[in-house]
Amino acid sequence: MSTLDLVLALGGAAALLAAILPEFLARRALSLPLVYLLAGVLLFTLPIGLPDPDPIAHRAALEHITELCVVISLMGAGLAINRRTGPRGWSTTWRLLALGMPLTVAGVAAAALALPGWPIAAALLLGAVLAPTDPVLASDVHVGEPVDAQNADDEVRFALTSEAGLNDGLAFPIVYAAIAVAAGSVAWGEWALVDVLYRTAAGAVLGLLIGRLLGRLFFRARSDGLRLSERRDGFVALACTFLAYGVTELAHGYGFVAVFVTACAIRSAEHGHGYNNVLHGFVEQIERLLTAWLLLLLGGFVATGGLAALTWRGAAVGLLLLLVIRPLTGWLVQWRGRAGPRERLAISFFGIRGIGSLFYLAYALGEADFGVPAQELWAVTGFTVLASVMLHGVTATPAMNHVDALRDRMTPRR
């Protein structure tokens, strides 16, 4: 039996389960990511000759696969959001991005300096890697699918979805800063102007322009052949994703930001049109497939000794992030905001870490040496993602059911 045949068989089985399990796990305190993670641990424990899922040996491949998974999930997240963009309606999002994310980076970096005693470059990198919340693994606490009503998204799901859609791109300036510190070539003025201002603005502006042009083409083109909204071609969502990402990266902007903004602009072009559901449904299927395979590999990383380099201090940093730093910063930055007390608690707790963290670490390790063994960096990051999948995967469904029940009881009073 060849290794390729075995991998294809397991990949096909994982893809089939990705279609079956969501319905089976609905309303249960068990998430699909957690099931795949445990399945990966089991599979790579068996003596069946699976290849070693070493993120160091296969760094470049892992970087590109996770990059692909993240950009596709960002398109799906943007297409699913039902709330119009605006300063008031998105006020919780702006708070989480402008205040919550920098505070999270600072908290994780300080913990990495104090506990494992890492150098500043490695501590800053870990803060950047673990700060973004995940648009891939957080389906249980994210908005569902496009609907006509603009007020259909509750504050918890909307805030977590929009935050994850934007902070994956906004972590890049901090990653670049960590790389510059590691290389000993920090030019903070250039970093602020180029990595923070220009690249962020380029991502937002190009994403908006591309999204509006595509939206006009899809829904308002005079030629029937160009008005793709009259068809059922869901794969066009991939074309939009790659176009927005590629053009923006060629212009040295942040492609992650551009993809999410493009998706939001396409959705707003014809808010209630059924073609939005076609695009979102196709992207969601591709995202679920890639996520299943990546989580099997993450489980294999754990099963084959990937956490051997993890110390109690490194584990403590990950647990501090999940149990103290994110909940505390998330709660504080929402003070006197739109969310009620219970909603604020849910938003601050469900800062799920996942595929984006794996991408950023793989990318950064290909750019510089951070003075900490790569095995240790992967162990801390892998442990944090693993702990997040387990903790949030078990608590997401009961917590969101409770939030929904409270909202339903409050609606008649309002």
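Model, not experiment: these values are computed from the prediction.
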* **Pairwise distance OG1(T85) to CZ(R267) - rounded to 0.5 angstrom** => 11.0 Å
* Kindly indicate whether the side chain of W118, heavy atoms from C-beta on, has any atom under 4.5 Å from the side chain of V380. => yes
* Structure fact -> Result for side-chain contact (heavy atoms from CB on, under 4.5 Å) between L38 and one of L34, V35, L42 points to L34
* Structure fact -> So CZ of F256 and CD of E249: to nearest 0.5 Å the spacing works out to 7.5 Å
* Sub-3.5 Å donor-acceptor pair from the side chain of R212 to the main-chain atoms of I266, do we have one? -> no
* Asked: Rounded to the nearest 0.5 Å, how far apart are CZ of F158 and CZ of R83?
  -> 4.5 Å
* Structure fact -> To the nearest 0.5 Å, atom CG of D154 lies from atom CD of E343 at 7.0 Å
* R342 atom CZ, neighbour heavy-atom count above 12 within 6.0 Å -> no
* Do you know which two heavy atoms are closest between T262 and A244, and how far apart they sit? -> OG1-CB, 3.4 Å
* To do: Without swapping roles, check the side chain of S229 against the backbone of F218 for a donor-acceptor pair under 3.5 Å.
  => yes
* **Smallest separation among heavy atoms of L289 and A15, with atom names** => CD1-CB, 3.2 Å
* Structure fact -> One should read off an interatomic distance between E63 CD and L358 CG, to the nearest 0.5 angstrom, of 12.0 Å
* Structure fact -> T241 and V259 have their tightest heavy-atom pair at O-CG2, 3.7 Å
* Asked: So, do W378 and L365 sit near enough that their side-chain heavy atoms are less than 4.5 Å apart?
  -> yes
* Asked: Going through the checks in order, is the side chain to side chain contact (heavy atoms under 4.5 Å, CB included) test met by I179 and F370?
  -> CA-CA 8 Å; I179 293 172; F370 292 88; 3.9 Å; yes
* Asked: Y254 versus T248: any side-chain heavy-atom pair under 4.5 Å?
  -> no
* L68 and H64, any side-chain heavy atoms less than 4.5 Å apart -> no
* Within a strict 4.5 Å, meaning less than it, do heavy atoms of the Y275 and V236 side chains meet? -> yes
* To do: For the residue pair L160 and L96, establish whether any side-chain heavy-atom pair is separated by less than 4.5 Å.
  => no
* Asked: Any idea which heavy atoms bring F44 and L50 closest together, and the distance?
  -> CE2-CB, 3.8 Å
* Check whether the ring centres of Y198 and H252 lie less than 6.0 Å apart, and answer yes or no. => no
Distance-only check: which donor-acceptor pairs under 3.5 Å involve side-chain atoms of residues 319-334, not counting sequence neighbours?
from, atom 1, to, atom 2, distance (Å)
R326, NE, S348, O, 3.2
R326, NH1, E163, OE2, 2.7
R326, NH2, E163, OE1, 3.2
R326, NH2, I347, O, 2.8
T329, OG1, T104, OG1, 3.4
T329, OG1, I325, O, 2.8
T329, OG1, R326, O, 3.3
Q334, NE2, G330, O, 2.8
Q334, NE2, R344, O, 3.4

* Asked: Taking atom CZ of R59 as the centre, does the number of heavy atoms from other residues, nucleotides or ligands within less than 6.0 Å exceed 12?
  -> yes
* Structure fact -> CD1 (I352) and OG (S388) are apart, to the nearest 0.5 Å, by 5.5 Å
* Asked: Can you find a side-chain donor-acceptor pair between N167 and T133 that sits under 3.5 Å?
  -> yes
* Where do V105 and L130 land on the side chain to side chain contact (heavy atoms under 4.5 Å, CB included) test, with the steps shown first? -> CA-CA 8 Å; V105 172; L130 295 181; over 6 Å; no
* Structure fact -> Closest non-hydrogen atoms of A204 and V261, given as atom of the first, atom of the second and distance, are O-CG1, 3.6 Å
* To do: Mark yes or no for whether S73, through its side chain, and V70, through its backbone, hold a donor-acceptor pair below 3.5 Å.
  => yes
* Asked: Applying ring-ring contact (aromatic ring centres under 6.0 Å, His included), which residue pairs with at least one partner in residues 308-328 are found, sequence neighbours left out?
  -> none
* Got a donor-acceptor contact below 3.5 angstrom from the D233 side chain to the F235 backbone? -> no
* To do: Report yes if the side chains of T395 and F350 come closer than 4.5 Å at any heavy-atom pair, otherwise no.
  => yes
* side chain to side chain contact (heavy atoms under 4.5 Å, CB included) involving C264 - partner list, sequence neighbours excluded -> W90, F260
* Without hydrogens or angle criteria, can the side chains of E67 and Y245 be said to hold a donor-acceptor pair below 3.5 Å? -> yes
* Working for side chain to side chain contact (heavy atoms under 4.5 Å, CB included), residues W191 and V196 -> CA-CA 6 Å; W191 173 81; V196 178; 3.7 Å; yes
* **L79 backbone acceptor or donor facing N276 side chain under 3.5 Å** => no
* Would you sort out whether R353 and H392 count as a side chain to side chain contact (heavy atoms under 4.5 Å, CB included), showing the intermediate values? => CA-CA 9 Å; R353 269 60 191 176; H392 298 126; over 6 Å; no
* To do: Provide the closest heavy-atom pair for A121 versus V181 in the form atom of the first, atom of the second, distance.
  => CB-CG1, 3.8 Å
* Asked: Would you call Y36 and W293 a side-chain contact if the rule is heavy atoms closer than 4.5 Å?
  -> no
* Asked: Looking at Y176, does the NZ or CZ of R199 lie under 6.0 angstrom from its six-membered ring centre and within 45 degrees of the ring axis?
  -> yes
* Enclosure of W188 CH2 (heavy-atom neighbours >12, cutoff 6.0 Å) -> yes
